[in-house]
Amino acid sequence: MKLKRYRLEVSFEWLLSEVGTMHWADFTAQRLAETREGPYVSCSGITPSGDFHIGHLREILSAEMIHRACLDAGLDSRYIFIVDSMDPLRRVYPFLSEDYQQYIGCPLAFIPAPDSDGRPSSDGRSYAEHFLEPFLQALAEIGVFPEVIMNHLTYADGLFAEKIDSAIEYANEIKEIIESISGRELDDNWFPYKPLGSDGSMDGVTVTGYEKPYVHWTDKNGNSGSADIRKAEGKLPWRIDWAARWGIHGVTCEPAGKDHGAAGGSFDTGLPICRILGSSPPEKMVYEWIQVKGAGPMSSSSGNTIGPLETLSIVPPEILRYIIARSKMNRHIEFDTGGMMFVIADEYERLVANPPKKKEGMSKRKEISVDTRLAARRLSQTERGFEPKGTISFRHLAMLAQIKNSDTDIWNSLRNSGHLSGEPHKALQQRLLRMRNWIRSIHFPEDARIHIRNKIDDEVREKLSEEQKKFLKKLAIEFGKIDWTEDLISSTIRNTASEFGIEGRESYTVLYWAMLGRNNGPKASALLLEIGLEDAIDLLNS
RNA sequence: GGGCCUGUAGCUUAGUCAGGUAGAGCGCCGGGCUUUUAACCCGGUGGCCGUGGGUUCGAAUCCCAUCAGGCCCGCCA
């Protein structure tokens with residue numbers, strides 16, 4: 001019986017990774033609709049023990065996208081974010097002062113937030129709130145608005161009481177499950193509930209008895225007391241807490257990081273424990289980690305985490321969502337704020353501008369691929385149901401932001417090129433702001449930086465034919481005769497080129513070699529205008 | 001020590017459950033367009049499917065071994 005169940009779970013897991021079927025979010029929604037009754041509750045859970053990092057976004061977005069897919073499929077769905085505020089402080093982290101030693105073992109909801117020096121502050125905010133707030137702010141920027149549930153309040157409201165009582169009643173069975181599935185050995189005085197001692201810490205507290213609803217204890221200081229299971233006076237150990245909350249909140253789907261998902265991990269023990277506690281668990285679903293790499297030369301020496309807020313100061317929110325939406329759950333994502341951003345942004349922009357369509361005679365496999373990409377496009381929108389329009393490209397903006405210091409000049413340029421009519425929309429202004437932040441940061445890839453030459457590179461000089469050299473010299477002379485406007489620059493280039501019998505394409509290539517040391521670049525006349533008449537003439541004569 | 005996931009073109013990857021000539025996007029090369037805002041359009045190049053065995057008429061796919069990267073089995077979420 002047990003074995004049979006296990007096989008089913010494995011098979012679901014396999015199907016989940018099988019994106020060939022369709023997008024994982026839509027697949028999961030469909031699967032949920034087929035296998036259980038609504039309402040459907042997608043859930044994420046994170047411990048606010050310190051700064052949130054980019055990896056947490058996968059936890060959040062995986063669940064949120066499944067929630068959206070449920071809504072899109074017409075299902076009754078909610079998305080909840082359970083903050084593990086009842087979890088204890090494990091140790092004094094590097095960013096905390098030694099003062100936190102006294103709080104080890106205490107729930108994060110009940111200890112003070114650190115101030116900028118890492119000391120306990122007295123502004124009344126809890127440690128949990130302190131780290132949660134900026135994260136929620138980041139989530140709002142990517143269009144994620146979860147129902148936030150502080151776990152310590154669920155304890156305080158007595159919602160855990162029944163589960164705690166059952167856990168104590170079935171303590172032996174639960175112990176057996178944990179020992180057999182995880183392979184761990186629990187010692188003899190193991191108890192499925194951890195009361196807080198006299199100093200508010202759950203470390204070193206020994207349970208001495210249970211009389212519903214009180215768990216009696218003695219702590220390391222020799223004090224004794226009783227914890228009311230209907231209040232936040234103690235908590236279930238993690239593996240049981242997780243299983244219990246599935247029942248309490250009616251969770252139907254909770255993607256878990258691969259640490260939980262590994263064989264013998266907390267997901268595997270959670271499933272049977274949840275059943276023992278009288279509820280039906282969600283099906284196993286595991287996502288891979290996001291790894292940060294190539295974040296620039298600084299990152300390797302100075303730690304390579306990047307926070308959601310820092311990420312969002314340089315990456316457009318829909319691109320961030322797309323990074324999650326385009327990847328299968330069981331694939332690593334190598335997060336890179338450098339050159340990879342261009343590649344992903346290009347891909348996203350193409351997908352937006354040119355949504356794939358099914359065609360007559362297309363193979364089944366290709367049709368599936370079309371569906372999957374359309375779903376990724378849909379789920380990347382910060383606003384559900386928003387139909388994105390093609391916009392100014394990421395690359396183009398990167399270039400403009402580098403050659404033009406004034407935002408006004410950029411808007412004018414975009415109007416000239418037909419990318420913009422009237423005043424820039426707020427979203428576009430934000431995009432430019434992020435782009436400027438990115439360019440200023442260490443993350444911006446070196447090879448995307450535009451380095452305007454003040455003299456022609458030696459290598460380039462060797463490549464140039466005599467004709468081409470003459471062309472550049474002549475161009476310098478002609479430039480000296482005109483008003484320095486884009487139109488005149490442009491026509492002068494063409495006129496001079498034809499004088500030398502150089503084709504249009506070649507004349508530009510030669511110019512780019514001279515100006516940038518590469519084959520192509522931003523519109524030559526615009527670039528020359530930015531360089532300025534004198535510098536341009538100097539360059540061409542060099 | 002035990003177990004799980006991943007390894008496919010220069011890059012990102014689809015295909016692996018149910019074995020049947022390895023698909024795509026980017027890059028690159030060529031052509032077209034011609035005021036080139038890294039644009040756009042068309043065409044092409046490119047893979048001993050980590051490695052070695054086995055099963056099979058036939059293996060990226062199944063089995064065994066092995067290498068590489070990551071993770072879990074320490075109440076750690």
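In what follows, chains are A, B, ... by sequence order, proteins preceding strands, each numbered from 1.
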Interatomic distance where [atom1] belongs to [X] and [atom2] belongs to [N] [whole Å]:
X        : N     : atom1 : atom2 : value
A:Asp268 : B:C71 : CG    : P     : 19 Å
A:His23  : B:A14 : NE2   : P     : 12 Å
A:Asn330 : B:U16 : CG    : P     : 12 Å
A:Met341 : B:A38 : CE    : P     : 18 Å
A:Trp289 : B:C5  : CH2   : C1'   : 13 Å
A:Leu529 : B:U37 : CG    : C1'   : 13 Å
A:Asp371 : B:A14 : CG    : P     : 17 Å
A:Glu367 : B:G23 : CD    : P     : 18 Å

Using atom [atom1] of each nucleotide, how far apart are [N] and [M] to the nearest Å?
N     : M     : atom1 : value
B:C49 : B:G7  : C1'   : 10 Å
B:A18 : B:G23 : P     : 23 Å
B:U6  : B:C42 : C1'   : 38 Å
B:U8  : B:G69 : P     : 15 Å
B:G46 : B:G10 : C1'   : 9 Å
B:U61 : B:U45 : P     : 26 Å
B:C64 : B:C57 : C1'   : 22 Å
B:G47 : B:G2  : P     : 39 Å

Contact summary for A:Ser85 and A:Ala128, nearest pair of heavy atoms: CB-CB, 4.0 Å
Ring centroids only, cut at 6.0 angstrom: are A:Phe52 and A:Phe131 within range, meaning strictly under it? no
Between A:Trp217 and A:Phe191, is the ring centre distance below 6.0 Å? no
Listed nucleotide nearest any side-chain atom of [X], set [options]:
X        : options             : result
A:Asp259 : B:U35, B:C72, B:U36 : B:C72
A:Tyr512 : B:A38, B:U36, B:C71 : B:U36
A:Arg395 : B:C5, B:A38, B:U36  : B:A38
A:Lys258 : B:C71, B:U36, B:U37 : B:C71

For side chain to side chain contact (heavy atoms under 4.5 Å, CB included), just list the numbers for A:Leu527 and A:Ile452, CA-CA rounded to whole Å, side-chain angles, deciding distance to a tenth of an Å, and then say yes or no. CA-CA 9 Å; A:Leu527 194 55; A:Ile452 296 172; 4.0 Å; yes
Toward the 5' end of RNA chain B, by each residue's nearest nucleotide, A:Asp203 or A:His396: A:His396
Note: for A:Arg415 and A:Arg373 on RNA chain B, the residue whose nearest nucleotide lies more 5' is A:Arg373
Name the nucleic acid region contacted by [X], choosing base, sugar-phosphate or nothing; use a 4.0 angstrom heavy-atom cut-off, strictly under.
X        : value
A:Leu400 : base
A:Arg350 : sugar-phosphate
A:Ile410 : nothing
A:Trp190 : base
A:Asp84  : sugar-phosphate
A:Ser491 : nothing

Can you tell me how the ring of A:Phe342 sits relative to the ring of A:Trp438, calling it parallel under 30°, perpendicular over 60° and tilted otherwise? tilted
Which value, rounded to the nearest 0.5 Å, describes the distance between [X] atom [atom1] and [Y] atom [atom2]?
X        : Y        : atom1 : atom2 : answer
A:Ile410 : A:Leu420 : CD1   : CG    : 11.5 Å
A:Asp241 : A:Lys194 : CG    : NZ    : 10.5 Å
A:His260 : A:Glu59  : NE2   : CD    : 7.0 Å

A:Trp411: what forms a ring pair (Phe, Tyr, Trp, His ring centres under 6.0 Å) with it, not counting sequence neighbours? none
For nucleotides 10-13 of chain B, give me every protein contact, N/O to N/O, under 3.5 Å, one pair per line with atom names.
from	atom 1	to	atom 2	distance (Å)
B:U12	O2'	A:Arg326	NH2	3.0

With no hydrogens and no angle check, just 3.5 Å: does a side-chain donor-acceptor pair link A:Glu254 and A:Trp242? yes
Could you go step by step and tell me if A:Leu96 and A:Tyr103 meet the side chain to side chain contact (heavy atoms under 4.5 Å, CB included) rule? CA-CA 11 Å; A:Leu96 297 175; A:Tyr103 297 122; over 6 Å; no
Passes side chain to side chain donor-acceptor pair (under 3.5 Å), A:Asp51 versus A:Tyr93? Steps please. CA-CA 11 Å; A:Asp51 280 323; A:Tyr93 300 105; over 6 Å; no
Expected output check: what is the dot-bracket annotation of RNA chain B, where ( ) and [ ] are pairs inside the strand (brackets for crossing ones), | is paired with another strand, and pairs are Watson-Crick or G-U under 3.5 Å? (((((((..((((......[..)))).(((((.......))))).....(((((..]....))))))))))))....
